[in-house]
2 protein chains.
Amino acid sequence: MEKLDKRMEELLQSEGDLTEKQRNILAAATEMFAQKGFAATSTSEIAKRAGVAEGTIFRHYKTKKDLLLSIVSPMMLKMISPFILKDINKVLDQKYERFEDFVRAMIKNRQEFLENNLQVIKVVIQEIPFHPELRDEFIKHVGQKVYQRFLETVQFYQAKGQIADIPPAMVLRYVSSVIIGYFGTKYVLTPEGWDDEKEIDEMIAFLAKGLAPV
Amino acid sequence: MEKLDKRMEELLQSEGDLTEKQRNILAAATEMFAQKGFAATSTSEIAKRAGVAEGTIFRHYKTKKDLLLSIVSPMMLKMISPFILKDINKVLDQKYERFEDFVRAMIKNRQEFLENNLQVIKVVIQEIPFHPELRDEFIKHVGQKVYQRFLETVQFYQAKGQIADIPPAMVLRYVSSVIIGYFGTKYVLTPEGWDDEKEIDEMIAFLAKGLAPV
DNA sequence: ATGTAAAGTGAGTAATCACTCACTAATTTT
DNA sequence: AAAATTAGTGAGTGATTACTCACTTTACAT
């Protein structure tokens, strides 16, 4: 666990000691990958937008794909780090008496993160279907670690009699489907007159009612 | 409405009078677009897999993008046609006493279609972020037509006292989120030991309970 | 059988692609 | 300040790209 934390820290603060030009390259590449997709973006375009010679890109990244991975891989870890870092785990496990409060805390916790990283997350989602290594990495992290951890959480609240006795995997799917639907609606469809507080309250009320024991 | 139906029929049965080579081209392109994405697939690869000269592709499709659109556009109409064709609308509106039965019928209705068109649907989902015209077309059809129609359906069951008095748009989002999560889990993650009947029963029970009036 | 239109071909084209390399500029180490 | 390491450059590379066109083959109406 110590080693994992260390490796993660490296990746999380990996943009600290970069040159300005290097940061420009990452920013330009992220923008264009998000907009046009990885395959439809040329390295010459990236160089142009970054205000950099094309050779400079390849000084830092062996291939174009290397550039993609150095944008996307750290983000995958960032996405899930709150769920598998031990100090935060303690908080998750013990703080919330009711399942509803736990869900609300999860949403708030990830909302700011989402807003600050919309573009990179867009790239991750868009490119996963085309790059098996990305898919594998995602499944390995989210599937094995986060999924297992949340399964236990569901069972915890089932044992407390707050959630009906349906298979935990189903509970998890319903909850995550509705939450993903919430974020998707908000950030992809961006409807007018959207009241965050009210949406979250109603959503959690719906989930709690649907999952309540008979 | 007559005109719409006619235009739709054209598109729906549009693969009838094609040459064998033309059908090979469409099949090969669909396969490769689904696997590698539109931008990463070359016309020479498509020609090779279709067993056809590269020039043959451009005899039938002015550009590579034209080929994509002729695969994707008819599918968009197929996806939503059951919801906006009038004869089927009658069925939807009157047949089901309970909201649960309506939802179950919707799922069964679209399940076979999904299974028969997984590849093309994959292409649609994958390419929408990169092609604004596709996004617009999708929003125009699904957003304006299907969404409005389902809003009315929700209000219908709310008036019958079967669904709680929460905003119909929220109801619609919860239901569609969970159903999309169901299809997504089944066809993207393809878990082992998946019991369709049980999954659907539990899912509908959860939705009904969560949406029931107080 | 013959004429005509449509289907199919494949070599050719300019443009663009990701990437290299010999070189200079800037930064850090000693 | 000198030496050494790293960052940055941009012209140049062969390969590949989407697409064209003069031509041949096939299908079908007369």
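The chains referred to below are lettered A, B, ... by the order of the sequence lines, with proteins before strands, and numbering in each begins at 1.
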Pairs under 3.5 angstrom, nitrogen or oxygen only, protein versus nucleotides 5-8 of chain D, please.
| from | atom 1 | to | atom 2 | distance (Å) |
| --- | --- | --- | --- | --- |
| D:dG8 | OP2 | A:H60 | NE2 | 2.7 |
| D:dG8 | N7 | A:R59 | NE | 3.0 |
| D:dG8 | O6 | A:R59 | NH2 | 3.2 |

Exactly one of A:L207, A:I204, A:V175 should register a side-chain contact (heavy atoms from CB on, under 4.5 Å) with A:F99. Which one does?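 Option passing the side-chain contact (heavy atoms from CB on, under 4.5 Å) with A:F99: A:V175.
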Any donor-acceptor pair under 3.5 Å linking the side chain of A:R110 with the backbone of A:I80?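 It does not hold such a pair.
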Is a side-chain N or O of A:S73 found less than 3.5 angstrom from the main chain of A:S70, in a donor-acceptor match?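 Checking the backbone N and O of A:S70 against the side chain of A:S73, no donor-acceptor pair under 3.5 Å is found.
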What contact category does B:T43 fall into here, base, sugar-phosphate, or nothing, at under 4.0 angstrom with non-hydrogen atoms?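 Answer is base: heavy atoms of B:T43 come under 4.0 Å of a base.
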Tell me the interatomic distance from [X], atom [atom1], to [N], atom [atom2], rounded to whole angstroms.
{"X": "B:E54", "N": "D:dT16", "atom1": "CD", "atom2": "P", "value": "13 Å"}
{"X": "A:N24", "N": "D:dT9", "atom1": "CG", "atom2": "P", "value": "10 Å"}
{"X": "B:K65", "N": "D:dT17", "atom1": "NZ", "atom2": "P", "value": "19 Å"}
{"X": "A:K64", "N": "D:dT16", "atom1": "NZ", "atom2": "C1'", "value": "13 Å"}
{"X": "A:F58", "N": "D:dA11", "atom1": "CZ", "atom2": "C1'", "value": "15 Å"}

Output yes when at least one side-chain N/O atom of B:S42 is less than 4.0 Å from OP1 or OP2 of D:dT16, else no.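 For D:dT16, OP1/OP2 do not have a side-chain N/O of B:S42 under 4.0 Å.
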By nearest nucleotide on DNA chain C, pick out whichever of A:S44 and A:G55 is the more 5' one.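 The 5'-side residue here is A:S44.
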Please examine the side chains of A:Q111 and A:K186, heavy atoms only from C-beta on, and report whether any two atoms are closer than 4.5 Å.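 Yes, their side chains come closer than 4.5 Å.
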Do you know which two heavy atoms are closest between A:V154 and A:I163, and how far apart they sit?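 For A:V154 and A:I163, the tightest heavy-atom pair comes out as O-CD1, 4.3 Å.
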Do any side-chain atoms of residues 28-36 of chain B form donor-acceptor pairs under 3.5 angstrom with protein atoms, and if so which ones, sequence neighbours left out?
| from | atom 1 | to | atom 2 | distance (Å) |
| --- | --- | --- | --- | --- |
| B:T30 | OG1 | B:L26 | O | 2.7 |
| B:E31 | OE1 | B:R49 | NH1 | 2.2 |
| B:K36 | NZ | B:A40 | O | 3.4 |
| B:K36 | NZ | B:E45 | OE1 | 3.2 |
| B:K36 | NZ | B:E45 | OE2 | 2.7 |

First contact, last contact: which nucleotides of DNA chain C are these for chain A, 5' to 3', heavy-atom distance under 4.0 Å?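 The protein-touched segment is C:dC17 to C:dA22.
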Hydrogens and angles aside, do B:K65 and B:H131 bring a side-chain donor and acceptor to less than 3.5 Å of each other?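 Distance-only check passes for B:K65 and B:H131.
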Under 3.5 Å side-chain donor-acceptor pair for A:Y174 and B:E202: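 Side chains of A:Y174 and B:E202: no pair found under 3.5 Å.
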Over 12 foreign heavy atoms within 6.0 Å of CZ, A:F58: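 For A:F58, atom CZ is crowded (more than 12 foreign heavy atoms under 6.0 Å).
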Pick the nucleotide of DNA chain D nearest each of B:T63 and A:I57; which residue has the one closer to the 5' end?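 Between the two, 5'-proximity favours A:I57.
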